[in-house]
Amino acid sequence: MSIHDQAHELARMLNHCGEYQEFLTAKNRLETDDTAKKMVKDFLAKQMAYEYEKMAGKASNDQEQQLQKLAGVLAVNPVAAQFLQAHIRFQRIMADIYKIIGDSIAEGMDIFEK
């Protein structure tokens, strides 16, 4: 089996895995609740901005506290909470896959470190 065939097989497996199916179900449910959808979009945008600031060494405690407050508000909304939990679980799987692949080719990528 070629590497491309294996990549397509991995894509099929991801498409059918429980975590992705739960994510899609939660996403579809979120689409029907405008309030929850707006809250989640706002939270994810602020979270991404915070992460960029953090990588640049410019993140503030105020930003972190604001995110924590928003997360608390989202936790009370079952549609938003379900979506975020499903989103996190699926992201974890994807991060694991990226790490596995990255680790397997790390030796070839060390040229950038020299």
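Note that this is a predicted model, so its numbers are computed, not measured. This chain uses plain numbering: 1 for the first residue, then up along the sequence.
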Novice: Quick one: closest heavy-atom pair of A75 and A81, and the distance?
Specialist: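 The answer is O-CB, 3.9 Å.
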Novice: What residue pairs, at least two apart or across chains, pass salt bridge (Lys or Arg N to Asp or Glu O under 4.0 Å) with a residue in residues 69-79?
Specialist: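 Listed once each, the pairs would be none.
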Novice: Just so I know, are the side chains of N15 and R12 near enough to count as touching, which here means a heavy-atom distance under 4.5 Å?
Specialist: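 Not in contact.
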Novice: If every non-hydrogen atom of F43 is compared with every non-hydrogen atom of L67, which pair is closest and at what distance?
Specialist: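 That would be CE1-O, 3.6 Å.
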Novice: Rounded at 0.5 Å granularity, tell me how far CE in M1 sits from CD in E9.
Specialist: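 So the CE of M1 and the CD of E9 are separated by 6.0 Å.
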Novice: Within the 4.5 Å heavy-atom criterion, are L70 and Q47 side-chain neighbours or not?
Specialist: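 No, their side chains stay 4.5 Å or more apart.
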Novice: Parallel, tilted or perpendicular for F90 and Y20, by the 30°/60° rule?
Specialist: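 It falls in the tilted class, 30° to 60°.
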Novice: Got a donor-acceptor contact below 3.5 angstrom from the Q66 side chain to the N61 backbone?
Specialist: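 Checked: no pair found.
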Novice: Starting from L14, can I reach I88 by hopping between I/L/V/M/F/W/Y residues whose side chains sit under 4.5 Å apart?
Specialist: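 No, I88 and L14 fall in different hydrophobic clusters.
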Novice: Under 4.0 Å between a side-chain nitrogen and a carboxylate oxygen: does that hold for D42 and K46?
Specialist: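 Yes, D42 and K46 are salt-bridged.
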Novice: Apply the side chain to side chain contact (heavy atoms under 4.5 Å, CB included) test between S60 and each candidate in Q63, E64, K58; give the one that qualifies.
Specialist: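 That would be Q63.
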Novice: Report the residues that fulfil side chain to side chain contact (heavy atoms under 4.5 Å, CB included) with S2, sequence neighbours left out, ordered by chain and then residue number.
Specialist: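 By the side chain to side chain contact (heavy atoms under 4.5 Å, CB included) rule, S2 matches H4, D5.
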Novice: In sequence, state the C-alpha distance, the side-chain angles, and the governing distance for I97 and I93, and then conclude on side chain to side chain contact (heavy atoms under 4.5 Å, CB included).
Specialist: CA-CA 6 Å; I97 291 169; I93 288 173; 4.0 Å; yes
Novice: Going by side chain to side chain contact (heavy atoms under 4.5 Å, CB included), V79 matches just one of T35, V40, L30. Which one?
Specialist: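 For V79, the side chain to side chain contact (heavy atoms under 4.5 Å, CB included) test succeeds with only one of T35, V40, L30, which is L30.
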Novice: How about T32 and N28: do any of their side-chain heavy atoms sit closer than 4.5 Å?
Specialist: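 They are not in side-chain contact.
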Novice: Taking the side chain as everything from C-beta on, heavy atoms only, tell me whether F83 gets closer than 4.5 Å to R29.
Specialist: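 A side-chain contact is absent here, since even the closest heavy-atom pair is not under 4.5 Å.
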Novice: Measure the NZ-CG distance between K38 and D33 for me, rounded to the nearest 0.5 Å.
Specialist: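 Atom-to-atom, K38:NZ and D33:CG are 12.5 Å apart.
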Novice: Counting only heavy atoms not in M48 (residues, nucleotides, ligands), do more than 12 fall under 6.0 Å from its CE?
Specialist: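 No, not enclosed.
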Novice: What distance do K37 atom NZ and E31 atom CD have between them, rounded to the nearest 0.5 Å?
Specialist: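 Taking NZ in K37 and CD in E31, the distance rounds to 3.5 Å.
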Novice: Once rounded to the nearest 0.5 Å, what's the spacing between atom CG of L84 and atom CZ of R89?
Specialist: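 Going from CG on L84 over to CZ on R89, the span is 10.5 Å.
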